[in-house]
Protein chains: 2
Amino acid sequence: MPMETAAPGRPRDQKVGLALKAAALRLVREKGYQNVSVAEILKLSGVARQSLYNRWKTKADLVMEAFFEDAGTRVRPPEFRPGQPARAELERFLNEVFDHLAASDGTLRSLIAAAQADPEFCRLFHDSFVQPREEMVVDFLAEAQRRGELPAGRDPAMLAVFIHGAFWYRLLNGQPMDPALARAIAAAAFGD
Amino acid sequence: MPMETAAPGRPRDQKVGLALKAAALRLVREKGYQNVSVAEILKLSGVARQSLYNRWKTKADLVMEAFFEDAGTRVRPPEFRPGQPARAELERFLNEVFDHLAASDGTLRSLIAAAQADPEFCRLFHDSFVQPREEMVVDFLAEAQRRGELPAGRDPAMLAVFIHGAFWYRLLNGQPMDPALARAIAAAAFGD
DNA sequence: GTGATAAATAGACTGCGGTCTACTAAATGG
DNA sequence: CCATTTAGTAGACCGCAGTCTATTTATCAC
């Protein structure tokens with residue numbers, strides 16, 4: 001148990017933050033990021049405006065935390081399983097990511113958009129969300145290379161950038177994120 | 001000369017649109033998209049608010065037109081030149097794009113962000129800006145393949161998505177767009 | 001208990017993009 | 001000349017995200 005350093009002043013009420021995240025998550029799922037106002041989140045959670053901005057700098061910060069707190073558990077990372085070729089596993093992973101994105105409507109798109117106007121949020125979003133997912137793929141590809149399933153000449157880090165880049169590019173241009181894309185990406189990464 | 005179909009009512013004053021584009025271009029170059037308000041553009045151009053929204057649906061529409069009207073002439077498309085390998089030409093092209101983006105600060109980032117909240121603008125931006133540039137690369141890669149400089153097994157269309165995707169991904173995550181990236185992209189596209 | 005500190009609440013306020021209304025001005029066809 | 005139609009101007013107006021101020025409340029140290 002960590003020694004709590006007993007900060008002075010009134011302690012934060014956990015319920016306030018939880019209520020805000022719960023309200024934000026529910027409303028964004030129901031209506032989409034664009035169509036949810038901060039005022040609505042405050043009304044549903046029954047919390048005062050300042051209490052939100054005491055915890056998060058922007059609406060995007062709150063929604064990112066509410067939305068992706070468990071997102072890491074929704075998509076199973078790529079891993080080696082007996083009898084499963086690396087290429088097929090990458091394809092499976094991509095399809096799960098696409099499904100998750102489809103279920104979450106345009107939330108990722110909105111958060112990426114928010115990051116373009118806010119360097120601080122851009123870094124936070126990258127460090128806490130984008131980078132870890134990129135590294136999962138890098139590690140997986142490096143292992144595939146070690147096992148001889150990926151040609152030796154390729155750079156796993158660069159391949160991961162291409163893979164995520166292709167998927168961002170399609171997402172941000174409003175184009176379909178379907179199994180055909182997953183197949184094409186996996187084929188390009190592993191193909192000759 | 002096209003038969004002008006003599007629309008009824010007062011004709012549009014060309015100067016109004018030109019003044020708006022000139023003001024928008026100058027202010028965005030000076031201060032960046034985020035830091036320019038519509039009110040400023042109106043003040044500098046000496047035009048009324050409604051006149052702007054008669055011509056463009058949003059600030060993003062105006063800035064896109066003002067900013068990229070001549071952008072097509074700034075970057076020389078990839079083309080085959082005697083003694084110039086396709087891979088080197090692609091690298092040159094990417095470096096010119098990166099330079100142009102650096103000079104235009106975050107304008108492309110802001111327009112991509114605006115597109116995420118506005119499906120109509122997303123389509124317009126894609127059709128009039130993104131797609132043509134993508135096709136330039138596809139055509140170039142297809143020609144390289146025909147000439148035997150690009151391995152036969154690869155799909156030029158998919159490669160173009162990877163190339164643009166990688167560059168969008170880096171751009172939108174606030175990472176450097178430097179010659180090293182251009183080299184890595186060209187190497188991955190043409191390398192074994 | 002007293003004072004200090006910080007959380008929570010309520011609500012006014014700012015600047016923004018975009019819409020709306022009212023009015024004037026320039027072209028058309030009759 | 002007159003009716004119609006559209007462009008342009010001026011400025012009020014709306015909902016938004018985020019800031020600020022004032023007040024109350026909960027917890028410390030003493």
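Numbers restart at 1 for each chain; the letters A, B, ... are given by sequence-line order, proteins then strands.
Less than 4.0 Å separates DNA chain C from no heavy atom of any residue of residues 114-122 of chain B.
In this structure, A:K21 fails the cation-pi test against A:F67, since its NZ or CZ atom is not both closer than 6.0 Å to the six-membered ring centre and inside 45 degrees of the ring normal. Remark: B:K59 is not positioned above the aromatic ring of B:Y53, lacking an NZ or CZ atom under 6.0 angstrom from the ring centre and at most 45 degrees off the axis.
Here B:K31 pairs with B:E40 in a salt bridge; the nearest charged N to carboxylate O distance falls below 4.0 Å.
The aromatic rings of B:F129 and B:F68 sit tilted, their planes meeting at an angle between 30° and 60°.
Distance, A:L52 CG to D:dT19 C1': 13 Å, rounded to whole Å. Here the C1' atom of nucleotide C:dC16 and the CG atom of B:L42 are 13 Å apart, to the nearest Å. As a whole-Å value, the separation of A:Y53 OH from C:dT14 P is 17 Å. In this structure, the CD1 atom of A:I41 is 13 Å from the C1' atom of D:dG18, given to the nearest Å. With rounding to whole Å, B:K43 atom NZ is found 12 Å from C:dC16 atom P. Straight-line distance from the CD atom of B:E40 to the C1' atom of C:dG17: 13 Å, rounded to whole Å. For the pair A:Q34 CD and D:dA17 P, the computed distance is 10 Å after rounding to whole Å. Following rounding to the nearest Å, A:L62 (CG) and D:dA17 (C1') show an atom-to-atom distance of 13 Å.
Here the CD-NZ distance, from A:E120 to A:K57, works out to 3.5 Å after rounding to the nearest 0.5 Å.
Although no hydrogens or angles enter the test, the distance criterion places a donor-acceptor pair under 3.5 Å between the side chain of A:R170 and the main chain of A:P176.
The ring of B:F80 has its center closer than 6.0 angstrom to the ring center of B:F140.
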**Message:** I need a per-nucleotide contact map over nucleotides 1-12 of chain D, read 5' to 3'. Cutoff is protein heavy atoms under 4.0 Å; write B for the base, S for backbone only, - otherwise.
**Reply:** ----BBBSB---
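Legend: side chain to side chain donor-acceptor pair (under 3.5 Å) pairs involving residues 156-169 of chain A, not counting sequence neighbours, sorted by first then second residue: A:Y169-B:E134.
B:Q116 and A:S110 are not linked by any side-chain donor-acceptor pair at a separation below 3.5 angstrom, with hydrogens and angles left out of the test.
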